[in-house]
**Q** 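Before anything else, here's the structure in question.
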Amino acid sequence: MVAKEVIKNFEGVCKNLKAQEKLNIIIVGTGYVGLTTGLALGYLGHKVTCVDTDTAIIDKLERGISTIYEPGLEDLLKDKGNIVQFTDRLLESLSNADIVVIAVGTPSKSNGDTDLSFVEAVAREVGSAMDPDQPPVIVNKSTVPIGTARRVEAVIKEELERRGISSTFSVASNPEFLREGAALHDTFYPDRIVVGANDMHALNMLRQMYAPILEQTFTPPQSVLRPESYSLPALVTTSPTSAELIKYSANAFLAMKISFINEFATIAEKVGADINEVAKGIGLDKRIGTGFLKAGVGWGGSCFPKDVRSILFTAGQYNCELQLISAALDVNQKQRMKIIEKLQQTLKVVRGSTIGILGLAFKPNTDDIRESPAIDIINELLEMGARVKVYDPVAQQKYRETYPEQKIVYCDSAVDTARECDALAILTDWDEFWQLPWKEIGQSMDQKIIIDGRNMLNCEEIKKYGFTYSGIGR
Ligand SMILES: NC(=O)c1ccc[n+]([C@@H]2O[C@H](COP(=O)([O-])OP(=O)(O)OC[C@H]3O[C@@H](n4cnc5c(N)ncnc54)[C@H](O)[C@@H]3O)[C@@H](O)[C@H]2O)c1
């Protein structure tokens with residue numbers, strides 16, 4: 001995108017928000033959610049400060065370099081002008097804040113419970129420095145277990161009491177539903193915005209924050225155009241507890257949908273059906289819908305696995321069994337090992353074989369490898385004595401940094417990876433894997449075996465080049 005055009009867009013958008021409608025917003029946590037939200041709200045005309053304790057992140061962002069791979073993000077970052085500030089000092093940013101959005105990580109503990117230490121640390125800092133006469137609305141955007149809005153309120157109150165202050169302030173829950181890889185699109189054009197609040201002040205402030213999105217009054221950025229069929233999003237207002245449960249229900253349902261189709265992929269394979277045809281046949285029923293019905297190696301990423309474990313943990317605390325969700329988790333764990341089973345079936349002996357892995361990210365268009373199926377599959381292959389070559393167009397560097405001890409061969413392209421391999425396994429459906437030079441690839445492999453963990457290839461086409469092809473449920 002041409003820089004000048006973006007700056008023009010920024011100015012145009014800012015004019016849309018009148019001075020009294022602009023809010024002073026602090027976003028705490030500048031990861032996938034915080035950075036996307038901060039840049040989008042800045043683009044819409046609010047005055048935004050993005051805070052992160054990781055000074056390396058702040059340093060890079062200040063220089064206009066994105067710390068994550070997310071389509072369109074760097075365009076906004078480069079041309080942010082003075083609208084979005086980056087800092088590692090929350091305390092200094094708190095004066096004059098209208099809204100403080102908490103978007104820090106909420107990782108899993110080993111028992112499945114959610115580690116809220118990052119969220120509580122932010123609440124403590126806010127309580128230790130906020131202006132009690134003009135308190136900001138505190139917003140939980142991180143995915144947090146039931147009762148966290150109350151917990152954040154309690155922590156802030158403790159800090160205020162320590163300062164000898166009694167003040168009334170609001171804590172709202174505003175779960176995030178963006179998809180990595182389409183994060184800006186989902187932020188500018190969401191299906192709905194959920195706000196859980198107990199008072200009108202918090203609700204009104206959040207309505208004001210999201211007004212340009214709710215009313216779609218902004219000029220779309222060149223790199224994130226408004227879809228023609230897009231209609232205004234609903235604002236769903238609830239209690240904080242319902243909002244917290246909405247987020248877990250949404251992720252658990254989507255994870256369950258994928259596990260459902262993967263379970264049916266197993267039976268499709270046994271009876272000789274094609275799961276892609278089955279998914280289309282059921283998905284066109286509007287009651288079911290086509291989304292999240294793609295059979296493959298299963299779900300991963302930073303959200304579904306931890307959120308599913310977290311809601312199971314919460315349910316356990318209430319002595320309540322979520323049998324469908326437990327089963328979805330089980331099916332998913334087994335699904336990853338289907339790749340290993342298929343390699344054993346076709347190669348017979350895996351030890352000593354060379355396996356090429358195409359794709360490390362948990363899905364395309366992101367560099368996020370958190371809980372990616374590739375991790376378990378590569379570990380298992382190494383354990384079994386295979387030599388592993390890998391290639392991912394974007395996530396490779398992150399994988400190498402995260403697993404420096406792993407003895408794997410990093411390659412520069414899919415073609416390079418395939419050379420002298422006994423089998424290739426596709427684990428992420430990156431666009432560039434659609435159109436690979438299969439003839440050349442086949443000629444360079446020791447055995448022409450493809451395990452298509454994302455059912456992305458045309459199996460008839462691939463077989464024409466002499467490959468033994470195995471997909472999931474086909
Ligand atoms: N990634 C997604 O697709 C997605 C989607 C919806 C919801 N969520 C939820 O949003 C939250 C954030 O997810 P993410 O993927 O952006 O996480 P992330 O790990 O990418 O980023 C979190 C950031 O918070 C920073 N941080 C930690 N403690 C801090 C503190 N005290 N002060 C300031 N910064 C601090 C970290 O340095 C890190 O940069 C999680 O609860 C997640 O479940 C994520």
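Note that this is a predicted model, so its numbers are computed, not measured. All ligand and atom numbering here is 1-based and tracks the order in the structure.
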**Q** Atom 31 (N) of ligand 1: which protein heavy atom is closest, and how many Å away?
**A**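 Going by distance alone, atom 31 (N) of ligand 1 is nearest to Val122 CG2, 3.6 Å.
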**Q** Any chance you could measure Met209, atom CE, to Glu21, atom CD, to the nearest 0.5 Å?
**A**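 Between atom CE of Met209 and atom CD of Glu21 there are 15.0 Å.
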**Q** Would you tell me which option among Thr366, Ile102, Val104, Thr106 has the nearest heavy-atom contact to atom 35 (C) of ligand 1?
**A**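 Considering heavy atoms of Thr366, Ile102, Val104, Thr106, the nearest to atom 35 (C) of ligand 1 sits in Val104.
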**Q** Any Lys/Arg nitrogen of Glu153 or Lys157 sitting under 4.0 Å from an Asp/Glu carboxylate oxygen of the other?
**A**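 Salt bridge between Glu153 and Lys157, a charged N being under 4.0 Å from a carboxylate O: yes.
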**Q** Ligand 1 versus Ala103, non-hydrogen atoms closer than 4.0 Å: side chain, backbone, both, neither?
**A**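 Just the backbone.
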**Q** Under a plain distance cut-off of 3.5 Å, with no hydrogens placed, do Glu432 and Tyr391 share a side-chain donor-acceptor pair?
**A**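 Yes.
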**Q** Other residues, nucleotides and ligands only: do more than 12 of their heavy atoms fall within 6.0 Å of CZ on Arg150?
**A**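 For Arg150, atom CZ is not crowded (no more than 12 foreign heavy atoms under 6.0 Å).
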**Q** Specify side chain, backbone, both or neither for Arg89, according to which of its non-hydrogen atoms lie closer than 4.0 Å to ligand 1.
**A**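 It is neither; nothing of Arg89 touches ligand 1.
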**Q** Checking Thr148 against Asn140: is there a side-chain donor and acceptor pair closer than 3.5 Å?
**A**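 Thr148 and Asn140 do not have a side-chain donor-acceptor pair below 3.5 Å.
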**Q** Which residue and non-hydrogen atom of the protein lie closest to atom 24 (O) of ligand 1, and at what distance in Å?
**A**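 Looking at atom 24 (O) of ligand 1, the protein heavy atom closest to it is Gly29 CA, 3.4 Å.
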**Q** Can you tell me which residue and heavy atom of the protein come closest to atom 15 (O) of ligand 1, and the distance to 0.1 Å?
**A**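 Nearest neighbour among protein heavy atoms for atom 15 (O) of ligand 1, to 0.1 Å: Arg370 NH2, 3.0 Å.
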**Q** Starting from atom 8 (N) of ligand 1, which protein heavy atom do you reach first, and at what distance in Å?
**A**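 Going by distance alone, atom 8 (N) of ligand 1 is nearest to Val33 CG2, 3.5 Å.
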**Q** Only heavy atoms of Val28, strictly under 4.0 Å: list the atoms of ligand 1 that pass.
**A**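 Near Val28, meaning under 4.0 Å from one of its heavy atoms, ligand 1 has 32 (N), 33 (C).
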**Q** Around atom CG of Asp191, are there more than 12 heavy atoms from other residues, nucleotides or ligands closer than 6.0 Å?
**A**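 12 or below, so no.
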**Q** Below 3.5 angstrom, do we get any N/O pair linking Asp368 and ligand 1?
**A**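 Among all N and O atoms of Asp368, none is under 3.5 Å from an N or O of ligand 1.
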**Q** Can you label the angle between the Tyr43 ring and the Phe218 ring as parallel, tilted or perpendicular, going by 30° and 60°?
**A**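 Perpendicular: the ring planes of Tyr43 and Phe218 meet at over 60°.
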**Q** Using a 4.0 Å cut-off to any heavy atom of Ser302, which atoms of ligand 1 qualify?
**A**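 The atoms of ligand 1 under 4.0 Å from a heavy atom of Ser302 are 1 (N).
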**Q** How far is atom 21 (O) of ligand 1 from its nearest protein heavy atom, and which residue and atom is that?
**A**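 For atom 21 (O) of ligand 1, the nearest protein heavy atom is Gly31 CA, 3.3 Å.
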**Q** Please list the nearest protein heavy atom to atom 23 (C) of ligand 1 with its residue and the distance rounded to 0.1 Å.
**A**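 The closest one turns out to be Asp52 OD2, 3.6 Å.
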**Q** Tell me which part of Leu178 gets within contact of ligand 1: side chain, backbone, both or neither, using heavy atoms under 4.0 Å.
**A**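 Both backbone and side chain.
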**Q** Relative to the heavy atoms of Lys247, which atoms of ligand 1 are at a distance of less than 4.0 Å?
**A**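 In order of number, 6 (C).
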**Q** In the protein, what heavy atom is nearest to atom 28 (N) of ligand 1, and what distance, to one decimal place, separates them?
**A**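 Ranked first by proximity to atom 28 (N) of ligand 1 is Phe118 CD2, 3.5 Å.
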**Q** For ligand 1, which atoms sit closer than 4.0 Å to a heavy atom of Ile57?
**A**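 Those of ligand 1 that fall under 4.0 Å from Ile57 are 39 (O).
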**Q** Answer yes or no for Arg63 and Phe86: cation-pi contact, defined as NZ/CZ to six-membered ring centre under 6.0 Å and angle to ring axis within 45°.
**A**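 Not satisfied by the 6.0 Å and 45° rule.
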**Q** When you look at CD of Glu401, are more than 12 heavy atoms from neighbouring residues, nucleotides or ligands closer to it than 6.0 Å?
**A**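 Enclosed: over 12 neighbouring heavy atoms sit under 6.0 Å from CD of Glu401.
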**Q** Rounded to the nearest 0.5 Å, how far does CD1 of Ile26 lie from CD of Gln85?
**A**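 Taking CD in Gln85 and CD1 in Ile26, the distance rounds to 10.5 Å.
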**Q** Starting from atom 7 (C) of ligand 1, find the nearest protein heavy-atom neighbour and note its residue, name and distance.
**A**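 Its nearest protein heavy-atom neighbour is Thr143 OG1, 3.5 Å.
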**Q** Give the atom numbers and elements of ligand 1 that come within less than 4.0 Å of a heavy atom of Gly105.
**A**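 Once the distances to Gly105 are compared, the set is 22 (C).
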**Q** Which is it for Phe433 and Arg454 under the side-chain contact (heavy atoms from CB on, under 4.5 Å) test, yes or no, and what are the steps along the way?
**A** CA-CA 11 Å; Phe433 300 156; Arg454 295 294 178 178; over 6 Å; no
**Q** So which of Thr114, Asp113, Asp115 actually passes side-chain hydrogen bond (donor to acceptor under 3.5 Å, both in side chains) with Ser310?
**A**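 That would be Thr114; it is the only one of Thr114, Asp113, Asp115 passing the side-chain hydrogen bond (donor to acceptor under 3.5 Å, both in side chains) with Ser310.
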**Q** If you take the nearest heavy atom of each of Glu176, Glu180, Arg179, Lys306, which one is closest to atom 6 (C) of ligand 1?
**A**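 Checking each option, the heavy atom nearest atom 6 (C) of ligand 1 is found in Glu176.
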**Q** Enumerate the atoms of ligand 1 whose separation from the nearest heavy atom of Cys303 is less than 4.0 angstrom.
**A**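 Checking each atom against Cys303, I get 2 (C), 3 (O), 4 (C), 5 (C), 8 (N), 44 (C).
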**Q** For atom 34 (N) of ligand 1, which candidate among Asn140, Asp54, Thr53 holds the nearest heavy atom?
**A**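 That would be Thr53.
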**Q** For the residue pair Asn96 / Gln134, report whether a side-chain donor-acceptor contact shorter than 3.5 Å exists.
**A**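 Not at all, the side chains of Gln134 and Asn96 share no donor-acceptor pair under 3.5 Å.
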